[in-house]
Amino acid sequence: MSTIFDKIINKEIPANIVYENDNVLAFKDINPQAPVHILIIPKIVIAKVTDLKGKEHASLLGEMIDAANQIAKDLNIADDGFRLVFNCGDNGGQEVYHLHLHLLGGRKMNWPPG
Ligand code: 5GP
């Protein structure tokens, strides 16, 4: 099923893009929950974490982590630390059913999460 993130991938609606390669796109969250809040998404449609298969998607997931580390460096939050989050399904708080990795930083995170 198509989501708003497909439109961002296809540049049909604007987003503040901070990183892009052939497989991965990253852009600022429209409703940031921290001074730095970036969404890192695959360009192929994968709805959620439970649709991932380790062997098939290992390299894509690696690219998403590489992107997170590069963006954290570029935005100067790598040394202080940050949080990476996949929300999955209703109880996980997922709203957009296109896989995305939240990169949150620029402030001290709380634990447990809300
Ligand atoms: P989820 O709750 O599914 O893990 O996270 C979805 C995220 O997408 C939310 O943090 C929300 O603010 C963000 N979001 C939803 N629609 C848009 C949009 O059109 N543009 C951007 N940049 N972020 C969006």
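Every number for a ligand or one of its atoms is a count from 1 in the order of the listing.
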**Asked** Heavy atoms under 4.0 Å from ligand 1: which residues qualify?
**Response**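 Correct list: Ile4, Phe5, Ile8, Phe27, Lys28, Asp29, Ile30, Asn31, Leu39, Asn87, Gly93, Gln94, Glu95, Val96, His100, His102.
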N/O donor to acceptor pairs below 3.5 angstrom from side-chain atoms of residues 16-30, sequence neighbours left out:
from	atom 1	to	atom 2	distance (Å)
Glu20	OE1	Lys11	NZ	3.2
Glu20	OE2	Lys11	NZ	3.3
Glu20	OE2	Lys43	NZ	2.8
Asn21	OD1	Asn23	N	2.8
Asn21	OD1	Val24	N	2.8
Asn21	ND2	Glu63	OE1	3.1
Asn23	ND2	Glu63	OE1	3.3
Asn23	ND2	Glu63	OE2	2.7
Asp29	OD1	Asn31	N	2.8
Asp29	OD2	His37	NE2	3.4

To the nearest 0.5 Å, what is the distance between [atom1] ([X]) and [atom2] ([Y])?
X	Y	atom1	atom2	answer
Ile71	Phe82	CD1	CZ	10.0 Å
Cys88	Tyr97	SG	OH	7.0 Å
Asp66	Gln70	CG	CD	9.0 Å

Which pairs of donor and acceptor atoms, one on a side chain in residues 105-114, lie under 3.5 Å apart (sequence neighbours left out)?
from	atom 1	to	atom 2	distance (Å)
Arg107	NE	Gln33	O	3.4
Arg107	NH2	Gln33	O	2.8

**Request:** With sequence neighbours left out, write down each residue that passes side chain to side chain donor-acceptor pair (under 3.5 Å) with Asn69, or none if nothing qualifies.
**Result:**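 So Asn69 forms no side chain to side chain donor-acceptor pair (under 3.5 Å) with any residue.
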